[in-house]
Number of protein chains: 2
Amino acid sequence: MTFSEENYLKSIYSLQKDSPKGVSTTILAQYLESKPASVTEMIKKLDEKGLVLYQPYQGVLLNKNGELVALKVIRKHRLWETFLAKKLDFSWDEIHDVAEQLEHIKSDKLIKELDRFLGFPTHDPHGDPIPDEQGNVIKVEKKQVSQLIPGETGTCVGVNDTSSSFLQFLDQQNIKLGAVIEIVHLQDFDKSMTVRIDGRELLLSQIATENIYVKL
Amino acid sequence: MTFSEENYLKSIYSLQKDSPKGVSTTILAQYLESKPASVTEMIKKLDEKGLVLYQPYQGVLLNKNGELVALKVIRKHRLWETFLAKKLDFSWDEIHDVAEQLEHIKSDKLIKELDRFLGFPTHDPHGDPIPDEQGNVIKVEKKQVSQLIPGETGTCVGVNDTSSSFLQFLDQQNIKLGAVIEIVHLQDFDKSMTVRIDGRELLLSQIATENIYVKL
DNA sequence: AAATAAGTTTAGGCAAACCTAAAAAATATA
DNA sequence: TATATTTTTTAGGTTTGCCTAAACTTATTT
């Protein structure tokens with residue numbers, strides 16, 4: 001399994017939630033910052049290897065095999081993110097690029113020991129669940145802040161957008177995992193929200209409220 | 001800088017101590033488990049990049065630039081080895097292969113934080129010095145056990161051979177860094193030595209005594 | 001010094017993963 | 001439905017790093 005193959009499987013895994021009938025070549029190419037022609041080539045290879053279901057012009061989906069491989073990569077990615085945040089003092093937004101490299105290190109023992117060293121964490125620093133060795137993922141029912149109504153309260157359990165600009169914004173506003181968010185007011189015309197966090201009130205745009213997840 | 005380029009520079013660094021006039025294509029190919037023709041190609045590229053001194057048929061040597069890059073890779077390798085041994089309970093002989101992968105991760109912050117996390121170690125688990133950020137290496141004057149004479153005593157500070165078979169042998173004999181080794185007897189005909197470690201006497205072959213380093 | 005052996009480089013290929021441009025298929029629009 | 005647009009695939013190229021086989025240097029014998 002090459003780095004590139006692993007990245008394709010991981011990307012398909014992420015994208016197929018929103019495209020359950022098949023992830024299109026163009027979408028995948030955009031996600032991977034690559035070109036559709038390159039994607040076609042690679043998914044044909046992954047199909048021959050028995051990792052994905054590919055039907056020309058119909059997009060691609062992971063099969064059982066491919067999903068397991070993807071989940072193992074995601075497990076490694078999230079364990080490394082946890083290591084970087086908890087042990088090496090990396091901030092929310094610095095984690096991703098390095099974990100993107102570390103996730104491809106090949107050593108079963110390494111990932112087993114890392115898991116133990118970190119105390120068998122269940123979620124990474126962005127609130128995403130860490131799959132276990134068999135590829136099982138704990139599903140947390142979570143809502144976007146945008147789905148709450150004024151008066152409701154939620155606890156921040158994760159984010160959707162993990163771009164550094166968004167994560168830096170959250171840092172500045174002191175919005176962390178576990179933060180309690182209360183909806184004070186919904187501005188009707190642009191769907192922005194006034195929310196209370198740690199006693200402070202602040203305004204979040206619709207883009208922001210759609211990218212922050214809470215549990216009730 | 002690609003993985004492959006980094007491996008070449010690191011290998012040349014190791015080999016040029018024994019071949020100060022130039023590391024030959026064949027030696028380098030053997031060390032890298034590659035072929036002479038491949039090596040010629042790569043060192044020509046490294047020469048164009050201004051990292052090595054290459055004269056056709058005369059071998060290759062690192063220049064200042066190349067040496068600094070090599071030392072940075074070695075620094076990363078040895079810090080990761082230390083991490084694996086001290087934090088993840090890897091044994092002496094399991095460390096190398098994983099560190100060989102980890103050394104190529106690109107992130108200045110990562111290596112800086114790892115260094116801090118480990119308490120700024122000066123030596124790796126094999127007793128080799130860890131170069132600092134500027135590429136400075138502490139030189140320890142060390143002797144091979146084979147150079148000691150009966151009655152002399154030394155403290156184990158490192159090994160030469162890092163193959164897993166040798167390291168496993170040392171583990172079995174309970175020879176660790178810091179172990180005090182006293183030469184009891186030198187067998188003249190095969191240069192094997194009877195030594196005392198932790199009160200126990202044991203016999204080491206010449207191959208073994210040449211691959212264990214001690215300071216007096 | 002000439003012949004042989006050993007080591008090195010050059011030439012030509014291959015696989016992985018990417019690309020652009022052109023052709024083909026699917027989808028949308030008139 | 002026929003045409004236009006968008007999407008996808010195919011065809012042909014590029015780069016990196018490796019290979020084998022042949023040509024060429026250098027070193028060693030005799």
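All values derive from a computational prediction rather than experimental measurement. Per chain, numbering begins at 1; letters A, B, ... match sequence-line order.
Cation-pi contact between Lys87(B) and Phe117(B): present, with separation from the ring centre below 6.0 Å and deviation from the ring axis of at most 45°.
Whole-Å rounding puts the Glu48(A) CD to dA15(C) C1' distance at 14 Å. Rounded to whole Å, atom C1' of dG7(C) lies 11 Å from atom CD of Gln30(B). For Met42(B) and dT15(D), the CE to P distance is 16 Å, given to the nearest whole Å. Phe3(B) places its CZ atom 17 Å from the C1' atom of dC18(D), with the value rounded to the nearest Å. Put simply, NZ on Lys35(A) is 21 Å from P on dA11(D), counting in whole angstrom units. Between the CG atom of Leu32(B) and the P atom of dC19(D) there is a distance of 10 Å, rounded to whole Å. dA11(D) atom P lies 12 Å from atom CD of Glu41(A), rounded to whole Å. Separating the CD atom of Gln58(A) from the C1' atom of dT7(D) is a distance of 11 Å, rounded to the nearest angstrom.
Listed pair Thr25(B) / dT9(C) meets the phosphate criterion, a side-chain N or O lying under 4.0 Å from OP1 or OP2. Remark: Ser24(A) is not in phosphate contact with dT7(D), judged by side-chain N or O atoms under 4.0 Å from OP1 or OP2. Regarding contacts with the backbone of dA17(C), a side-chain N or O of Thr2(A) is found under 4.0 angstrom from either OP1 or OP2. The side chain of Lys45(A) contributes no N or O atom lying less than 4.0 Å from OP1 or OP2 of dA15(C). OP1 and OP2 of dT10(C) both lie 4.0 Å or more from every side-chain N or O belonging to Thr40(B). Between Tyr8(B) and dC18(D) there is a side-chain polar atom (N or O) within less than 4.0 angstrom of OP1 or OP2.
In this structure, the nucleotide among dA17(C), dT25(D), dC19(C) sitting nearest to the side chain of Ser34(A) is dC19(C). Distance from the side chain of Tyr57(B) is smallest for dT25(D) among the nucleotides dT25(D), dC18(C), dT9(D). When distances run from any side-chain atom of Ala37(A) to the nucleotides dA21(C), dT10(C), dT16(D), the shortest one goes to dA21(C).
Position along DNA chain C of the nearest nucleotide to Lys44(B) versus Glu33(A) favours Lys44(B) as the more 5'-ward residue. Where Ile27(A) and Pro56(B) each meet DNA chain D at their nearest nucleotide, the meeting point lying more 5' is that of Ile27(A).
The side chain to side chain contact (heavy atoms under 4.5 Å, CB included) with Ile212(B) is formed by just one residue from the set Val195(B), Leu170(B), Val157(B); it is Leu170(B). Exactly one residue among Arg75(B), Lys72(B), Lys106(B) makes a salt bridge (charged side-chain N to carboxylate O under 4.0 Å, His left out) with Glu6(B). That residue is Lys106(B).
Salt bridge present: Glu5(A) and Lys45(A) bring a charged side-chain N and a carboxylate O closer than 4.0 Å.
There is no side-chain donor-acceptor pair under 3.5 Å between His77(B) and Asp124(B).
Within 4.0 Å (heavy atoms only), Tyr54(B) reaches sugar-phosphate atoms of the nucleic acid but no base atom.
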